[in-house]
There are 2 protein chains.
Amino acid sequence: MTAASGRAEDLREACIAQALHIIDEIGLERLSMRDVARRLGVSHQAPYKHFKSRDHILAEIIRRAFDDFADALRARVRSDNPAADFYAMGVAYIAFAQARPLYYRLMFASTLPEPEQHPQMMISARCAYGLLRDGVQVLFAARGSPLSPSELDLEALFAWSSLHGSVSLLRTDALTPLDLAPQTRQRLAHHALDRIGAAFLLTPPAAAPPEEDAQ
Amino acid sequence: MTAASGRAEDLREACIAQALHIIDEIGLERLSMRDVARRLGVSHQAPYKHFKSRDHILAEIIRRAFDDFADALRARVRSDNPAADFYAMGVAYIAFAQARPLYYRLMFASTLPEPEQHPQMMISARCAYGLLRDGVQVLFAARGSPLSPSELDLEALFAWSSLHGSVSLLRTDALTPLDLAPQTRQRLAHHALDRIGAAFLLTPPAAAPPEEDAQ
DNA sequence: GCGCGAAAGTTGACACCGTCTACCGACAAT
DNA sequence: ATTGTCGGTAGACGGTGTCAACTTTCGCGC
C-alpha cells in the first residue's frame, strides 16, 4: 500500500499490462482473468488478490485511459483566445485518439462495468469530460452568451460526440473501400472539428424550430 | 415439447423474442444461449438448430433493429424542401431512439459480432446509414455544393454521431443529478439537431456562404 | 535474533457457459 | 419400405468467473 512496497505490487501492474496486451490482441470481450494469470505464469487466482473481479481490472484500465486522455487534453497548446483554445483541445483530442487507439477505444466501449460499482472510473471519466465542458463554457462566456448547466452539457456533448464519430470512422473499415489518400484521412477529423466550430460560432436558427427561448 | 405445438419455425422466432427479453432484463453481455433454451422449456441445444452460434442470434437481432430503424426513417414526414426533409429525418431518428430504446442501444453496442461474419447484419446497417447519407447529399446538392463521396461520408457521420451523442445522454444517468424538467429532456436531442443544421447551413470556413437564407 | 499476523500466491472445487458429437422420432420423397 | 432431412434431446469437453481453504512470504514490533 505504501510507496515503498514496490515489489509487492508488481503483479498488479503486470496484470494490467498483460490485460491490455490481451485486449489488443483478441478483444475486450474475450479477455479472461485466467488467461492473464496463465500468461504471467501465476496461478489462476493470483490476479484476484489485486482485483476483486474481472470488471474491477477493466475499470482500472479504463480509469487510466481517461486519466491519460485528460492529461493529453491538458497538454494542449494553450491560448488566451477561447476559440483558438477550444480548437487546440480538439486537435489534442484527435491526436490522442490516433496515438493511443487502444485506450481511446476502451473509453467508449459499451461493455463497461456498471458505473456505480466503480466510482474511481467514473471520477476519471467526469474529469476528462469536465475539461471539454470548461472549454465550451469559456467559449460561450467569451461571446457574452453564457450557458445554463444543462445547456452547457448539451453543447459539450454535442462537440464530444461529433468528434468521436469522425474519429471512430477512421478506425473502422468503413472507409477502406473508398481507398482515400492518407492525406484525406488525416483531414477527416479536423474537418469535423471545423464543423463543430461552425455550429458554435453561429447562433441557432431562431426562426425554424417551433419555440426557442432562454438565450 | 412445451412450446412445440406451433408451426415448424416457431422456435426460431421464440428464441429471438426471448433473447430480446433477456437482454432487456440482464444486459447483452450476460445473454446466454442456455438461458434462452431454459426459459423456453427446450433443451440447451435446441436453439442451435436455428442459429449457428450465439453471435448469429445476436446478428439477427441487430439486423432487425437496423431494419426497423430504417423503416422509421423512411416513414418520416416527407418534404420537397431538402432542409425540412433532413430535419424531419432527424426528428424521426430521435423518435425511434425514444420509442425503441432497446433496439436503438443494440444498434450501437460495441460488442458486435465480427461484421464480416454476418453480412446480412452489415447490409441492414449500411442500408440505414444510406438513408441518412442520401438526405445529406440532397441537402448539399440543393445548395449547389455537391460533395465528393468521402466528404459526404464525413458530413453524414458528423450528423449521425452528433445526434447519437445527445440521444445517448438521455439514456445515461449522467443527467439525473441535474434533475432537469421533463420538458428540457425532451428538447435536448432537438437542440442538437438544430446545431447540426447550423453547422451544415454554413459552408466551411474557406468560403463564405452566399446568403442562402432558405429558412 | 524471534514470532506473528497480514498479505500474496496456490490448489481445488462449483456452477456456469459455448459448442461439438451422437442419438432419436417424425415426416416427406423416392 | 427405404432413405434422408429436420427439429429436438442428451452427454461430454474445455473454457470461464469466483468462492473457500490452504501454504508461503515478508514486514515489523519485540
Side-chain angles (χ1 to χ4, degrees), chain A residues 1-62 109 111-114 117-118 121, chain B residues 1-62 109 111-114 117-118 121:
Chain A
M1 193 170 194
T2 64
S5 60
R7 208 175 201 314
E9 291 284 315
D10 263 5
L11 183 56
R12 183 184 162 88
E13 287 304 314
C15 284
I16 290 173
Q18 194 64 246
L20 257 177
H21 179 243
I22 293 173
I23 292 172
D24 201 19
E25 193 177 303
I26 62 173
L28 169 62
E29 56 281 349
R30 300 208 312 210
L31 167 72
S32 86
M33 293 288 261
R34 291 174 108 104
D35 198 12
V36 171
R38 206 176 299 124
R39 296 193 191 206
L40 289 175
V42 295
S43 77
H44 68 268
Q45 276 297 332
Y48 280 89
K49 296 296 169 177
H50 301 277
F51 305 96
K52 244 178 61 184
S53 76
R54 181 181 179 278
D55 274 359
H56 281 77
I57 192 174
L58 268 182
E60 170 68 11
I61 287 173
I62 293 169
T111 317
L112 293 174
E114 300 207 30
Q117 300 285 347
H118 308 276
M121 181 185 77
Chain B
M1 45 175 59
T2 52
S5 54
R7 283 193 332 275
E9 287 285 312
D10 262 4
L11 183 56
R12 183 185 161 87
E13 287 304 313
C15 283
I16 290 174
Q18 194 64 247
L20 257 177
H21 180 243
I22 293 173
I23 292 171
D24 201 19
E25 192 178 305
I26 63 174
L28 168 63
E29 56 281 346
R30 300 208 312 209
L31 168 72
S32 87
M33 292 290 260
R34 292 174 106 104
D35 199 12
V36 171
R38 205 177 300 123
R39 295 192 192 208
L40 289 175
V42 296
S43 78
H44 69 270
Q45 275 298 330
Y48 279 90
K49 296 296 169 178
H50 301 277
F51 304 96
K52 242 178 62 185
S53 76
R54 179 182 181 275
D55 274 359
H56 282 75
I57 192 173
L58 270 182
E60 171 69 11
I61 287 173
I62 292 169
T111 317
L112 293 172
E114 300 208 31
Q117 300 285 346
H118 307 276
M121 180 183 77

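Chain naming here is simple, since letters A, B, ... match the order of the sequence lines and numbering starts at 1 in each. Source: prediction; values computed, not measured.
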Exercise. Can you tell me if the side-chain N/O atoms of B:R30 get under 4.0 Å from OP1 or OP2 in D:dG17?
Worked result: no

For this session: For D:dT16, take OP1 and OP2 only and decide whether either is under 4.0 Å from a side-chain N or O of A:S32.
Result: yes

Rounded distance in Å - [atom1] ([X]) to [atom2] ([N]):
X: B:I22; N: C:dC16; atom1: CD1; atom2: P; value: 15 Å
X: B:I57; N: C:dG18; atom1: CD1; atom2: C1'; value: 13 Å
X: A:L31; N: D:dT16; atom1: CG; atom2: C1'; value: 12 Å
X: B:D55; N: C:dT19; atom1: CG; atom2: C1'; value: 12 Å
X: A:R54; N: D:dG15; atom1: CZ; atom2: P; value: 17 Å
X: B:E29; N: D:dG17; atom1: CD; atom2: C1'; value: 15 Å

Exercise. Which residue pairs satisfy the salt bridge (charged side-chain N to carboxylate O under 4.0 Å, His left out) criterion with at least one member in residues 32-51 of chain A, sequence neighbours excluded?
Worked result: A:E25-A:R39, A:D35-A:R38, A:D35-A:R39

Seminar exercise, completed: Across all chains, not counting sequence neighbours, the side-chain contact (heavy atoms from CB on, under 4.5 Å) partners of A:D55 are A:S53, A:L58, A:P113, A:H118

Exercise. Looking only at N and O atoms, is any donor in the side chain of B:R34 or the base of C:dG18 less than 3.5 Å from an acceptor on the other one?
Worked result: yes

For this session: Go through C:dC17, D:dG17, C:dG9 for me and flag the one nearest to the A:A46 side chain.
Result: C:dG9

Taking C-beta and beyond as the side chain, do [X] and [Y] meet within less than 4.5 Å on heavy atoms?
X: B:L20; Y: B:D24; value: no
X: A:I57; Y: A:P47; value: no
X: A:V36; Y: A:V42; value: no

Quick test: give all pairs of protein nitrogen or oxygen and nucleotides 20-22 of chain C nitrogen or oxygen below 3.5 Å, distance rounded to 0.1 Å.
from: C:dC20; atom 1: N4; to: B:Q45; atom 2: NE2; distance (Å): 2.2

